[in-house]
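Worksheet for the structure shown next.
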Amino acid sequence: MASIQWHSRMRSYDTELRSCRASAFSVQSSDYHPLKPITVTDTKSRRGARKGSTSSSSSSSSSVAPDPLSSMLEGTDPLSLFAAASASETPVLSHSSSAMELGRKRKEKEEEVGCDFEPWSAKRGEILARFTTTEKLSINLFMGSDKSKATSPSSAVSEKVRNRLEELDDMEEGSQRELLNLSQQDYVNRIEDLNHSLKEAWASDQKVKALKIVIQCSKLLSDTSVILFYPSKFVLITDILDTFGQLVYDRIWSMCSDPDPLPDSFSVEDVNDTAKETCLNWFFKIASIRELIPRLYVEAAILKCNRFVNKSGIQETLPRLTAMIRGIGDPLVAVYARAYLCRVGMEVAPHLKDSLNKNFFDLLASFRQIHGDSVQNQLVIQRVEIPVYLTLYSPAIHWILQCVAYRAPDVLLTEMMERCKKLGNNALLLNSVMWAFRAEFVAARATDFIGMIKECDEAGFPKHLLFGSLGRSLACADPPECERLPILNEAWKVITKVRSPQDYITCAEIWVEFTCRHFTKREVNTVLADIIKHMTPDRAFEDAYPQLQSVMTKILTYFHNFSVLFSMEKFLPFLDIFQKDSVRVEVCKSIMDIFIKHQQEPTRDPVILNALLHVCKTMHDSVNALTVEDEKRALALRINGFIRMVSFGRDFEQQLSFCVEARATFCNLEPVVIQLIHMVNHLAMETRRVMGGNHSRKTAAFVRACAAYSFITIPSLSNIFSRLHLYLLSGQVALANQCLSQADSFLKAAVSILPEVPRVINIDGKQRSSEPFLLDFISNFLSTLLVVPDHPEQGVLYLVRGLLNMVQDYTWEDNSDAKVRVYISAIPLLAAMSQETYLYTIPKVDSNETLYGGDPKFVAEISRVCETVIGQVLDYLKTLSQDEGARRQGTLAFSLFGCLLAHGDLRNNKLNQLAVNLWNLSHKNGYCDTRTSVRTLEHIKQQAQQPDTAHLSDMLLRLSLQSRA
């Protein structure tokens, strides 16, 4: 090792920096721009131009890429081409009848159902969940023989027709099986089995059997023996009818699509005779059904098939089916039959509004049946109260009114309101009107609706439900400004008198949004006080957490100014209602999400800070041993968002006091503690910026207090790498603020815990080696040591020696080169310390370049450390064996060669010879990258042309000979 004789190369960093800068050049032409497109002049056209012509030369369009933004002006973009193609396909109408037909089709197109119409599929799940029963149900299943299976494909047509007619006769009189005492789930399973049987029968070409199944299912809709389940039964049975109707339509469609598919906008003339005959056959079969309800439902299911046989078939059939419903005696059965007919009508002919309106007016005429003897007797037998019975009508009436009111003019809606008044303001109907009519229509007449609600009978339908429906409309549209306060007062007079806590909060939840939307914190505070008053007795809030959470969400949606929000007297007491831990934490999360999203400026408002500290503490205290890491991260992210928005301006001491309090409050979440350390470090640097780097006695004491905060807090972290990085960062901050003893303590602490670094760490649930992270940290640490002055009592390079000793004693992985890589990384640091002027320094901090001033003893000590490090590397290279070891040996040798070339004084013959030997060793087994070798040689050749570098020319010659060898 003594024969190495290390000498660092003296460097002039300023000169090197200037040589690395790119050379600048002036632009030759004033109109030149690197992004300007290149044009090529077509000289041929110029030659052929007329003599004396003043036309400019044309440019070759092929030499310039087309501009996609300007090309659209020429109509060449895809959307323009599509529009042009659509315009070219528009037929030219020469006759007035064709023009009328086009106008009719255009009107139908405009009246088609759009995405603003809520489909039936969105309602069926809610109905099935709402209308349930615990009573036993029964079902009649068709058990007739499958005669159609016996008919062979080779049978004569007459025989096939005769068999089908026999089956049709047996359809309603065949053997049946009645299943009794079914639970609700059993009933649902049986209906699903029937739906599956229908598809199987159709797939096996047993069309008559499929029809029988549909008829039997339709008959079930006349049964109201378990009246509370009827809406759900309607949903289940109509699913089967929809399936059947689609199967029939697809079959006839396929018969018309051979060989060419039938267009969507086909007419009757496009349908072949076979398809028409088949379609008529279906209608004739259905017409032979004896009972009214199955005949009505099945024909409605295949209503769309009228398009195949008659232009005006649907237009003629809808009024007829509407009139047929008048023959149904049970008003509940009738209203759902009307709902199904309206549903089918909206699917196949939404432009035929007359049938929809007629269904609604028939519905109004049948309301007196509800109070008839037959219905009342049935309710007595089934022990159903009239308010409960009336709710069974709601889904059907809602749907009918939704269909009628869809894009209906205000004149029609006003007429419907007047008709409702003539019925004595039937509460059930009025409720459906407010649900189905456009929110803008209801809001504009909110006062009229309140008057109608007041006149309704309380016994049949509670008024608070009517106000709830009105509130839903007012949440979507605004009433006239002058009416808003009277509307709120009238509504709350009724809501506050509701005795049932569940009914109260359901209605209050709706009107909270109206209050938040149009009024100030005073009115909202009054509403919250009323909610607390109703929900506190008997701990009623425990059964209403979802509604209470919805109230909180609506308040946060409209109040983003947290100084206003927390100044509400009843807001925090309302927050205290959430006493279930999981719910309370979710509410606190929602508060913090809104704060982080909408708080734009840092705050020091004590009201906000105290309230949000309480909210964040609630989230923090929910962490326990069972809390998963993802949840901890989510909570820490929200708390950190709050901490980042806290700023006391120039009152740095108050900011530090806040960090001290927050550290004690959020000690269980490491990301929050890390954020606080970063905040304190930032506080110290901000103090330095304000003072311009010239600390007074007071600010010097303050930045030392910041350093003490970090030094005390960092050991509480469990993550070893978090501690290492924060020690280093805090040491750098302390050094920048001239706190030399504190910086020394931070760096020594970092070195002292390096042996604690485990060989394997857990990252996102996976075990990974810690060596890459440790090497990265040590490289960063070494770069900091350049500007750290030596402690006067510890000796020269004591931190560098301590780090290298730790590296020597650390237990590295087997077959790992990490230790040697650290040694090689230390050589550039030691070489930089030998320079008369350092590459970088910290203002007002005397580093070793000032302390020692290039003292020969200091430089000699650095050289001895370098010689020791290089000796350790060379000893290690000797231990590497063949195969994989040879590859590692070549890589490490080349790395050490690069260090010697960049930082060593190669005029020393022994050091020069060592560099050549390392080059040879790296190329010995052919493991060195060829491209890297060539570029290295080019660099040496370039450096050899500089003055006083003749030794590099000799070395380059030897390296080149070895490379060729």
Those residues at least two apart in sequence (or on a different chain) that pass side-chain contact (heavy atoms from CB on, under 4.5 Å) with N525 are M568, E569, K570
The complete set of salt bridge (charged side-chain N to carboxylate O under 4.0 Å, His left out) pairs with one or both residues in residues 431-453, sequence neighbours excluded, reads D410-R438
Residues at least two apart in sequence or cross-chain that pass side-chain hydrogen bond (donor to acceptor under 3.5 Å, both in side chains) with Q315, listed by chain then number, are none
Residues passing the side-chain contact (heavy atoms from CB on, under 4.5 Å) test with S222, sequence neighbours excluded, are I293
Does either side chain, that of K554 or that of Q549, offer a donor lying less than 3.5 Å from an acceptor on the other one? no
Sorted by chain and residue number, the side-chain contact (heavy atoms from CB on, under 4.5 Å) partners of E385 (sequence neighbours excluded) come out as P387, V388
The complete set of side chain to side chain donor-acceptor pair (under 3.5 Å) pairs with one or both residues in residues 332-345, sequence neighbours excluded, reads T238-R343, D242-Y340, D242-R343
By ring-ring contact (aromatic ring centres under 6.0 Å, His included), W511 pairs with (sequence neighbours left out) F514
- In this structure, are over 12 heavy atoms from other groups packed under 6.0 Å from Q382 atom CD? yes
Residue set satisfying ring-ring contact (aromatic ring centres under 6.0 Å, His included) with F595, at least two apart, ordered chain then number -> F562
Quick note, ring pair (Phe, Tyr, Trp, His ring centres under 6.0 Å) partners involving residues 372-394, not counting sequence neighbours, are Y389-Y393
inquiry  = Walk me through whether F117 and W399 qualify under ring-ring contact (aromatic ring centres under 6.0 Å, His included).
reply    = CA-CA 11 Å; F117 184 82; W399 179 259; 5.5 Å; yes
side-chain contact (heavy atoms from CB on, under 4.5 Å) filter on N189, not counting sequence neighbours, yields Q185, D186, E192
Contacts of F578 meeting ring-ring contact (aromatic ring centres under 6.0 Å, His included) (sequence neighbours excluded), chain-then-number -> F574
So the ring pair (Phe, Tyr, Trp, His ring centres under 6.0 Å) pairs with at least one residue in residues 535-558 (sequence neighbours excluded) are none
| Any Lys/Arg nitrogen of K580 or E542 sitting under 4.0 Å from an Asp/Glu carboxylate oxygen of the other? | no
